[in-house]
Amino acid sequence: SMGFSIKDGPEVESEYYNFESLNIPSTHPARDMQDTFFLDKDADPELGKLVMRTQTSPVQIRTMQELGAPLRIIVPGRVFRYEATDASHDSTFYQIEGLLIGEKISLAHLKGVMQEFLSRLFRKEVKVRFRPGYFPFVEPGLEMDFACLICNQKGCRVCKYGGWVEFMGAGMVHPNVLRAGKIDPKKYCGWAFGVGLTRLVMMRYEISDIRLLFGGDTRFLNQF
């Protein structure tokens, strides 16, 4: 309703689209932040190895290359991380991210969009907080948390007994990412955000363990 188009992309990606085009070269320490499933088959030699995408952000690059600027998209999709599972983490989960590119865009536009999004999603006022954050594909970067709706900030497994749930990473799109998308960073700027969609479902329906969503227990699934 805010004019965003919905875009999709492949779950099996190349290293180039999953990392390099997002300002994460092979020598970048951020590669260690995303434990990756690598496939035996390589992509085009210039694009590197094939991986199970660790984020939906490759769709940003593909869409920028296809449509140019200005641009306003939402990207939902399944992603994969080679990591241990617990109440709030799994090796397969869903993300949704947004990208807005235009002229004279600022973080104030991002704040307004996210406030509207949360108020519609939860149908009530939700406490949020902003923290400085680092992500290679944005500069400056920030993180936004919201008050845990499972325990009302009293402390539980989902919020790791801290009362806050990590909600999203966001920031102004890095000029290198705009260049990879064939967009002139001297003329255009924009912001991007990424949200754990599965965690939003947990908050919306007060589900305390992410593994219930993928466990196949029909007693749990039949509630919906």
Intermediate values then yes/no, side-chain contact (heavy atoms from CB on, under 4.5 Å), Gln60 and Leu71 = CA-CA 10 Å; Gln60 292 186 19; Leu71 189 66; over 6 Å; no
Between [Y] and [X], is there a side-chain heavy-atom distance shorter than 4.5 Å?
{"X": "His109", "Y": "Trp191", "answer": "yes"}
{"X": "Val195", "Y": "Gln95", "answer": "no"}
{"X": "Arg72", "Y": "Ser5", "answer": "no"}
{"X": "Asp90", "Y": "Thr85", "answer": "yes"}
{"X": "Ile73", "Y": "Phe4", "answer": "no"}
{"X": "Asn18", "Y": "Gln55", "answer": "yes"}

Cluster check [X], [Y]: I/L/V/M/F/W/Y, side chain < 4.5 angstrom:
{"X": "Val79", "Y": "Val138", "value": "no"}
{"X": "Met172", "Y": "Phe193", "value": "yes"}
{"X": "Ile183", "Y": "Val177", "value": "yes"}

Tell me, with the steps shown, if Leu99 and Val75 meet side-chain contact (heavy atoms from CB on, under 4.5 Å).
-> CA-CA 8 Å; Leu99 173 69; Val75 183; over 6 Å; no
Say whether, by atom type as modelled, one donor and one acceptor occur between the side chain of [X] and the main chain of [Y] under 3.5 angstrom.
{"X": "Arg81", "Y": "Asp35", "value": "no"}
{"X": "Ser106", "Y": "Ala108", "value": "yes"}
{"X": "Asp145", "Y": "Arg129", "value": "no"}
{"X": "Ser91", "Y": "Tyr82", "value": "no"}
{"X": "Ser21", "Y": "Tyr16", "value": "yes"}
{"X": "Gln65", "Y": "Ala180", "value": "yes"}

Checking side-chain contact (heavy atoms from CB on, under 4.5 Å) for the pair Leu142/Leu107: CA distance, chi angles, key distance, verdict?
-> CA-CA 10 Å; Leu142 58 86; Leu107 290 175; 4.0 Å; yes
Rounded to the nearest 0.5 Å, what separates atom [atom1] in [X] from atom [atom2] in [Y]?
{"X": "Ile61", "Y": "Leu178", "atom1": "CD1", "atom2": "CG", "result": "8.0 Å"}
{"X": "Leu110", "Y": "Ile105", "atom1": "CG", "atom2": "CD1", "result": "11.0 Å"}
{"X": "Arg179", "Y": "Met64", "atom1": "CZ", "atom2": "CE", "result": "12.0 Å"}
{"X": "Phe93", "Y": "Arg78", "atom1": "CZ", "atom2": "CZ", "result": "12.0 Å"}
{"X": "Leu100", "Y": "Met2", "atom1": "CG", "atom2": "CE", "result": "11.0 Å"}
{"X": "Glu103", "Y": "Tyr188", "atom1": "CD", "atom2": "OH", "result": "5.5 Å"}

Determine, for Lys49 against Glu15, whether the closest basic-nitrogen to carboxylate-oxygen distance falls under 4.0 angstrom.
-> no
Under-4.0 Å salt bridge between Asp184 and Lys186 = no
Minimum heavy-atom separation for [X] and [Y], please, with both atom names.
{"X": "Asp86", "Y": "Arg211", "result": "O-NE, 3.5 Å"}
{"X": "Pro76", "Y": "Asp8", "result": "O-OD1, 4.2 Å"}
{"X": "Val128", "Y": "Phe146", "result": "CG1-CB, 4.0 Å"}
{"X": "Ile74", "Y": "Gly98", "result": "CD1-CA, 3.9 Å"}
{"X": "Arg120", "Y": "Ser1", "result": "NH1-OG, 2.9 Å"}
{"X": "Leu213", "Y": "Leu221", "result": "O-CD2, 4.5 Å"}

Can you list the steps and then say if Phe135 with Leu22 is a side-chain contact (heavy atoms from CB on, under 4.5 Å)?
-> CA-CA 10 Å; Phe135 305 97; Leu22 296 168; over 6 Å; no
Mind listing the side-chain donor-acceptor pairs of residues 157-169 below 3.5 Å, one per line with the distance, residues two or more places apart or on another chain?
none

Examine Arg62 relative to Tyr17 and say whether NZ or CZ is less than 6.0 Å from the centre of the six-membered ring and inside a 45° cone about the ring axis.
-> yes
Mind jotting down which residue pairs meet the ring-ring contact (aromatic ring centres under 6.0 Å, His included) criterion with at least one end in residues 196-224? Sequence neighbours excluded, please.
-> Tyr205-Phe224, Phe220-Phe224
